[in-house]
Amino acid sequence: MVDAPETDEGWFALHDFRTVDWDAWRDAPERDREAAIEDAASFQTHREALARSDAGDSAVFSVTGSKADLLFLHFRESLDELDRIQRSFEQTEFAAYTERAHSYVSVSEVSGYVSDEYFTNPEEVDDGLKNYIEGKLTPEIPDDTYVSFYPMSKRRQPGQNWYDLDFEERADLMAGHGDVGREYAGKIKQVIASSVGLDDWEWGVTLFGDDPTDIKDIVYEMRFDEASSKYGEFGDFYVGRRFPPADFDAFLAGESVPTPEGDDAHGHAHGKSAHGGDGHHDHEGETAHHGSESNNAGDGDGDALREELADLDVYAGKPHGEDVYAVGLYSDADLDELESAVDELAESFDHYDTHVQTTVYEPTTEGSAAVVSLWDTQSAADTAAGFLNDLPGITDKVAESDDGWGTMGMFYTVKPEHRDDFVEKFDAVGDALAGIDGHRQTRLLQDTNDENAFFIDSRWDSQEAATEFFRSDAFRDTVQWGRDVLADRPRHVFLA
C-alpha cells in the first residue's frame with residue numbers, strides 16, 4: 001500500500017460566489033437600495049475587522065466574467081464559524097438581490113511534501129520553515145489586489161494515477177512544481193486548501209497578485225510541469241478584484257472599484273472601512289458615543305454642559321483633543337464564560353490602534369453584567385459593536401434609542417481605602433435619585449479585573465431631566481465629596 005503523506009490543517013475557507021439580480025436591483029425603490037448597500041457594507045466590514053488578528057480574514061471581490069458578480073472570501077478557525085457567516089449574510093437586506101452562483105469549502109493545508117521533518121521531528125525544524133508553514137496555515141488576504149480561484153484534483157487513471165506513485169516520486173514532482181512557484185515570490189501569493197471530503201475537488205487554489213498577467217503566467221508555466229501536465233485536472237477559474245466595503249455603492253452603480261483615491265462620486269468618503277477610518281457604519285449592535293457629532297453632547301446645550309462639568313473637574317469627553325466612542329451591552333451569561341469570551345475578543349481588538357479598552361463589569365447588587373468597549377473613532381466602535389453583539393447571553397444594549405435618553409456612562413477609579421465608602425455613597429445617591437422626576441434607573445457595576453474601577457449606568461426619560469440633575473446642587477456636592485475618594489478625574493462618557 002502506498003503511504004499517504006502526513007498533513008497539518010489550519011484555517012477553513014469559504015469561497016462564496018454571488019450573482020446580482022440586476023433587474024430586481026434597478027426596479028427596487030431608492031430607499032430599499034440604500035438600506036441594502038448599507039447592510040452589505042456593514043456585514044463585510046464586520047468580517048474584515050478580523051484582518052491582522054489571530055482569528056481569520058475576509059475580503060470581497062468584484063468578479064469579472066459571466067460566472068459571478070461578487071466573491072465573498074472568508075478564512076476562519078472553524079467550519080462552524082463559516083457556517084454562521086454564511087447564514088448571517090442571508091439575513092442582510094442585500095442578500096435578497098443576490099443568488100449563489102457557486103461556493104467552495106476547504107481547509108488550508110501543508111503536507112509532508114513541504115517538509116517531512118516537520119511531522120517526524122518538529123523540534124529540529126528551523127524557525128524560518130516553521131514561520132513559512134504557519135503562514136500557509138493562517139493566510140492573510142493582501143490588500144488592493146487581484147484574485148484567481150480554481151479547484152483541482154490529481155488524476156487517478158491508468159498510467160496517470162498520482163496515488164500509485166511512491167512518496168519519494170511524488171515528493172520530487174512536487175519539489176519541481178514548487179521551483180516554478182518560487183520564481184514568482186513577491187508577485188504571487190497562493191493559498192492551497194484541501195477539500196478532500198469537503199467539496200467536489202481535492203484542492204482549492206487561490207492566487208493573489210497586483211498584476212493579473214502574473215497570475216496568468218504562473219498558471220501557464222506550471223501547466224508544463226509534470227506534476228500538472230501529467231497528473232493535474234482543473235475546474236472552472238474565477239478572477240476578480242478586491243474592493244473595500246465602503247465601495248459597495250460604487251460597485252452597484254457600475255463605477256470603478258476600488259474607488260480611486262479622492263473620488264467621491266456618492267458624496268461620502270471611501271477608504272478604510274474595517275476600523276479607524278471612513279466608510280459605512282454597523283447597526284447590528286448599538287453604538288453609543290459622545291462628541292461633536294453626538295445627538296446628546298454635540299449640540300449647544302451639550303457643549304455647555306461639558307464646560308460646566310469641566311469646571312467641576314469632571315471629564316466630559318475629548319481627552320487630548322479626541323473623542324472616545326463607547327459600545328455597551330448587557331449579558332446574563334455566566335460571568336466566567338463572559339469574561340473568557342471578552343478576553344479573547346479584546347485580544348483581537350488590541351491589534352487596532354483605535355482600541356482603548358474593553359471591560360467586563362459585574363453589578364454590585366443585582367442585575368446583569370455589562371461589557372463596555374471604548375474606541376478612538378466612531379467607525380471602529382461601530383465595527384466592534386457587531387462582534388460584541390455575538391457575545392454570550394446578550395440581553396440589552398446600553399443605549400436603546402427608544403428608551404428615553406439612553407444612558408450616561410460614568411467611569412470612576414476609587415482609592416482602595418475608600419472603595420467601601422464609594423459603594424455606600426452610591427447607595428445613598430441611588431435612593432435620592434429614585435425620587436427625582438424623569439429618572440428611570442441607575443446601576444453601579446464593578447470592573448471584574450480592577451475592584452477599584454466602577455461604571456455607572458444612569459437612564460432618564462429625557463436629556464433635559466438628566467441635564468437638570470447634572471446642574472443640581474446635589475450632583476455638585478457628590479462631585480465635591482468624590483475629590484477625596486477618587487484616584488483620578490471621573491469620566492462622564494455620554495452614551496446614546
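What you see is a predicted model; the values in this text were computed from it and never measured.
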[X] and [Y]: side-chain donor and acceptor closer than 3.5 Å?
| X | Y | result |
| --- | --- | --- |
| Glu99 | Thr19 | no |
| Ser373 | Thr358 | yes |
| Glu221 | Tyr184 | yes |
| Thr213 | Asp211 | yes |
| Gln86 | Ser88 | no |

Spell out, as yes or no, whether a donor-acceptor pair under 3.5 Å connects the side chain of [X] to the backbone of [Y].
| X | Y | result |
| --- | --- | --- |
| Ser340 | Asp336 | no |
| Ser108 | Trp11 | yes |
| Ser256 | Thr259 | no |
| Arg155 | Glu233 | no |
| Asp69 | Val20 | yes |
| Thr45 | Ala41 | yes |
| Ser195 | Leu198 | no |
| Glu77 | Phe12 | no |
| Asp247 | Ala250 | no |

side-chain contact (heavy atoms from CB on, under 4.5 Å) for Ser58 and Gln44? Distances and angles first, verdict last.
CA-CA 8 Å; Ser58 290; Gln44 189 61 26; 3.9 Å; yes

Any salt bridge between [X] and [Y], counting N to O under 4.0 Å?
| X | Y | answer |
| --- | --- | --- |
| Glu30 | Arg33 | yes |
| Arg47 | Asp57 | no |
| Asp16 | Arg100 | yes |
| Arg170 | Asp166 | no |

Honestly, is [X] close enough over [Y], meaning NZ or CZ under 6.0 Å from the six-membered ring centre and within 45° of the axis?
| X | Y | value |
| --- | --- | --- |
| Arg241 | Tyr146 | yes |
| Arg223 | Phe234 | yes |
| Lys67 | Tyr238 | yes |

Plane angle bin for Phe17 and His15 - parallel if under 30°, tilted between 30 and 60°, otherwise perpendicular
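Rings of His15 and Phe17: parallel, under 30°.
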
Just say parallel, tilted or perpendicular for the rings of Tyr231 and Trp162, cut-offs at 30° and 60°.
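Geometry flag for Trp162 against Tyr231: perpendicular rings.
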
Let me see the working for Val147 and Val239 under side-chain contact (heavy atoms from CB on, under 4.5 Å), right down to the final yes or no.
CA-CA 6 Å; Val147 66; Val239 64; 6.0 Å; no

Evaluate side-chain contact (heavy atoms from CB on, under 4.5 Å) for Thr145 paired with Asp143, printing each intermediate quantity in order.
CA-CA 6 Å; Thr145 191; Asp143 293 329; over 6 Å; no

Decide yes or no on side-chain contact (heavy atoms from CB on, under 4.5 Å) for Asp396 and Leu329, but give the supporting numbers first.
CA-CA 6 Å; Asp396 192 15; Leu329 296 166; over 6 Å; no

More than 12 heavy atoms of other groups within 6.0 Å of [X] [atom1]:
| X | atom1 | value |
| --- | --- | --- |
| Arg26 | CZ | yes |
| Gln160 | CD | yes |
| Lys189 | NZ | yes |

With ring-ring contact (aromatic ring centres under 6.0 Å, His included) as the test, pick out the partner of Phe149 among Phe237, Tyr104, Trp203.
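Of Phe237, Tyr104, Trp203, ring-ring contact (aromatic ring centres under 6.0 Å, His included) with Phe149 is met by Tyr104 alone.
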
Calculate, to the nearest 0.5 Å, the distance between atoms [atom1] and [atom2] belonging to [X] and [Y] respectively.
| X | Y | atom1 | atom2 | answer |
| --- | --- | --- | --- | --- |
| Ser229 | Met222 | OG | CE | 12.5 Å |
| Leu173 | Glu168 | CG | CD | 12.0 Å |
| Ser348 | His355 | OG | NE2 | 10.0 Å |
| Ile218 | Ile215 | CD1 | CD1 | 9.0 Å |
| Glu34 | Asp39 | CD | CG | 13.0 Å |
| Ile37 | Phe94 | CD1 | CZ | 8.5 Å |

Closest approach of [X] and [Y], non-hydrogen atoms and distance?
| X | Y | result |
| --- | --- | --- |
| Asp447 | Tyr361 | N-CD2, 3.3 Å |
| Tyr163 | Arg156 | CD1-CG, 3.3 Å |
| Tyr97 | Ala36 | CE1-CB, 3.9 Å |
| Ala333 | Leu338 | CB-CB, 4.5 Å |
| Asp199 | Val105 | OD2-N, 2.9 Å |
| Arg242 | Glu48 | NH2-OE1, 3.4 Å |

Any residue meeting side chain to side chain contact (heavy atoms under 4.5 Å, CB included) with Ala171, in chain and number order, not counting sequence neighbours
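With neighbours one apart ignored, the set is Tyr113, Phe167.
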
Any residue meeting side chain to side chain contact (heavy atoms under 4.5 Å, CB included) with Ser368, in chain and number order, not counting sequence neighbours
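Residues passing side chain to side chain contact (heavy atoms under 4.5 Å, CB included) with Ser368: Tyr330, Asp332, Thr395.
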
Would you please indicate if the ring centroids of [X] and [Y] are separated by under 6.0 Å?
| X | Y | result |
| --- | --- | --- |
| Phe89 | Phe43 | yes |
| Phe349 | Trp375 | yes |
| Phe243 | Phe251 | yes |

Just do the salt bridge (charged side-chain N to carboxylate O under 4.0 Å, His left out) check on Arg18 and Glu90 with the steps written out, would you?
CA-CA 12 Å; Arg18 299 274 171 163; Glu90 297 294 351; 2.9 Å; yes

Audit row: Lys187, Asp210, salt bridge (charged side-chain N to carboxylate O under 4.0 Å, His left out) steps and yes/no
CA-CA 7 Å; Lys187 295 181 180 180; Asp210 290 330; over 6 Å; no

Side-chain heavy-atom pair Phe72, Leu70 within 4.5 angstrom cut-off:
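The answer is yes, as the side chains (C-beta and beyond) meet within the 4.5 Å cut-off.
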
State, yes or no, whether a side-chain contact exists between Asp8 and Ile133 at a heavy-atom distance under 4.5 Å.
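When only atoms from C-beta onward are counted, Ile133 and Asp8 do not touch, as no gap falls below 4.5 Å.
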
